[in-house]
Number of protein chains: 2
Amino acid sequence: MAVRLTTAQDFSTLIDKYDTWMFDCDGVIWRGDHMIEGVIDVLRMLRGRNKKIVFVTNNASKSRKSYKTKFDQLGVPVSVDEIYGSAYAAAVYLSSVLKLPKSKKAYVVGMQGLEEELAEEGISYIGGTDPADNTLIPFSLADFTPDPDVAAVVCGLDTSINYTKLSKAFQHLLKNEGCHFVATNGDSTFPSAHGLLPGAGAIWAPLQSATGRDPVCTGKPSTIMLDCIKAKIDYDPKRTIIVGDRLDTDILFGQRGGLSTLLVLTGITSEAEIYGPNPSRIIPDFVARSLGDLRVLLGQPN
Amino acid sequence: MAVRLTTAQDFSTLIDKYDTWMFDCDGVIWRGDHMIEGVIDVLRMLRGRNKKIVFVTNNASKSRKSYKTKFDQLGVPVSVDEIYGSAYAAAVYLSSVLKLPKSKKAYVVGMQGLEEELAEEGISYIGGTDPADNTLIPFSLADFTPDPDVAAVVCGLDTSINYTKLSKAFQHLLKNEGCHFVATNGDSTFPSAHGLLPGAGAIWAPLQSATGRDPVCTGKPSTIMLDCIKAKIDYDPKRTIIVGDRLDTDILFGQRGGLSTLLVLTGITSEAEIYGPNPSRIIPDFVARSLGDLRVLLGQPN
């Protein structure tokens with residue numbers, strides 16, 4: 001049974017229990033380009049109490065550096081090392097787990113953030129933001145041969161998705177023997193500032209349909225993401241909590257990693273999915289209205 | 001066990017058994033813009049023997065009128081009434097089964113052929129080939145409100161698929177209560193002149209992912225397509241055969257309709273899928289290398 005947190009005492013007890021705080025971003029820290037009320041103060045308070053802070057996001061449209069810029073613009077001081085994105089996890093998976101040889105490359109169905117993370121990990125790529133692949137001009141296989149060096153198709157959210165990019169990715173998966181199929185995450189939607197939009201999971205769905213193959217997803221709830229964090233920081237799972245707005249990504253990710261879990265209701269999940277007549281199979285340890293509600297502890301002694 | 005047809009005697013016996021011949025097009029009659037060898041002669045021979053001929057295609061990029069133009073250009077005499085496309089079946093489904101009121105409209109993820117069939121059935125629509133929805137300019141919900149009169153999202157093959165179109169279709173399905181989700185067909189790929197490309201099933205896969213809903217598919221193997229044919233022509237299922245290249249559409253369609261089925265190997269299915277160690281669960285009555293092989297009967301007495 002998820003414990004509903006509402007009072008200052010509830011939040012005070014919670015803060016005392018955990019040294020490392022992991023946060024999802026969309027729907028927890030911000031919605032689109034607007035900070036969720038009170039969250040800036042809460043993050044400052046947690047830092048004041050010497051909590052370790054980590055941001056774990058499945059949104060693959062931005063690299064960690066771009067995320068830092070976004071945090072800066074929203075007035076939240078963070079370091080790049082505190083940010084773990086699914087694009088970063090995908091790049092690390094290609095370089096460290098699949099160990100893609102230098103002579104090989106990835107075909108990208110995704111945006112600049114994914115390209116930046118691949119470049120950081122030394123992975124060559126084609127597709128992505130290449131103007132030749134961002135077109136609505138009719139695509140014909142008569143003018144196309146798969147690049148034999150493409151050893152992986154990597155997909156993330158791509159708001160420039162089009163038939164040329166899908167067809168080229170499909171052909172590489174079909175023709176290049178052993179070509180890996182990797183996706184940053186499986187979120188079928190994401191909360192933009194003005195409502196839900198199709199997410200990365202919807203972007204690679206055509207390739208799953210056409211090939212009959214499921215991609216390896218590197219973002220939450222995959223433990224590949226947790227392995228990326230473990231490789232960089234020390235934390236005690238028993239004294240670590242993840243705060244998220246999605247049951248099937250954030251909360252499941254925490255449960256798989258042996259972390260405690262706090263669901264906030266500022267994003268995609270409604271209270272009825274936890275306490276209603278047909279509750280989800282994935283139930284968090286705690287539920288709060290908003291991360292901003294922890295503001296009630298501001299000015300209280302540490 | 002599927003009977004393998006190879007000799008003139010095999011084909012002669014086959015022709016005698018069936019009065020009505022239904023044909024899939026892509027991979028049976030043509031590949032891309034090239035007729036499959038011998039097929040023009042075989043169709044002429046069947047007409048010479050007074051067989052009733054019907055073309056049943058899942059390719060929704062063309063209307064029946066456009067298909068007639070394609071047949072004309074390839075030198076095959078047909079009438080529009082002999083052609084049944086999945087776009088036509090979708091339009092008939094909206095008008096005759098869902099009985100969409102005149103005040104309502106469809107949001108189209110699809111091409112001109114689907115629009116033409118909707119217009120023929122008196123269905124108003126938006127989206128589709130509208131230049132405003134065929135763009136790679138970033139889409140924002142800030143500038144968009146779902147049209148409350150959209151009572152159905154209708155998807156077909158769309159080689160101009162893009163994020164704006166997917167997002168608008170998704171928003172209508174999400175926000176408009178009772179909005180129907182209809183697709184021309186579920187083929188995840190289709191055989192173009194130069195190889196496989198993502199099909200209609202891949203085009204609506206993002207919407208299935210984002211909404212968690214399956215569309216009603218009107219093309220083969222759905223019996224909705226057969227109902228469209230039944231409404232227009234008389235045929236005796238016992239003396240009707242469908243010739244196709246796909247097990248999960250053409251052959252299954254025939255089996256559901258109580259027709260005999262002939263698989264040809266000029267399209268998507270290989271012989272190993274029938275006679276190999278792990279055969280398909282969908283097995284046709286007959287298998288031939290190509291429809292063109294029936295040419296061997298040319299000049300024989302009827």
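What you see is a predicted model; the values in this text were computed from it and never measured. A, B, ... follow the sequence lines: proteins, then strands. Residue 1 opens every chain.
Per-residue heavy-atom pair counts under 4.5 Å with chain A were compared for B/Asn134, B/Leu141, B/Thr135, B/Thr164, and the maximum is reached by B/Leu141. Counting heavy-atom pairs closer than 4.5 Å to chain B, the top residue among A/Ile137, A/Thr189, A/Leu196 is A/Leu196. Comparing B/Phe170, B/Phe139, B/Phe144 by heavy-atom pairs within less than 4.5 Å of chain A, the highest count is held by B/Phe170.
Residue B/Leu207 does not touch chain A at all, counting heavy-atom pairs closer than 4.5 Å. Residue B/Thr211: no heavy atom, backbone or side chain, is found under 4.5 Å from chain A. Within the 4.5 angstrom heavy-atom criterion, atoms from both the backbone and the side chain of B/Pro198 approach chain A. Both the backbone and the side chain of A/Thr159 come within contact range of chain B, with heavy atoms under 4.5 Å apart. Heavy-atom distances place no part of B/Asp187 under 4.5 Å from chain A, backbone and side chain included. At a 4.5 Å heavy-atom cutoff, the contact between B/Gln171 and chain A is made by side-chain atoms alone. Contact of B/Ser192 with chain A is made through the side chain alone, with heavy-atom distances under 4.5 Å.
Using a 4.5 Å heavy-atom cutoff, the side chains of A/Ile161 and B/Ile161 are not in contact. Using a 4.5 Å heavy-atom threshold, the side chains of A/Asn162 and B/Tyr163 count as separate.
More than 12 heavy-atom neighbours from other residues, nucleotides or ligands sit within 6.0 angstrom of CD on A/Glu271. Within 6.0 Å of CD on A/Gln112 lie no more than 12 heavy atoms contributed by other residues, nucleotides or ligands.
Considering all non-hydrogen atoms of both residues, A/Pro206 and B/Ala205 come closest at N-CB, 4.0 Å.
Summarising the geometry, atom CG belonging to B/Leu197 is positioned 5.0 Å from atom OG belonging to A/Ser167; distances are rounded to the nearest 0.5 Å. To the nearest 0.5 Å, atom OG of residue B/Ser209 and atom CD of residue A/Gln208 are 8.0 Å apart.
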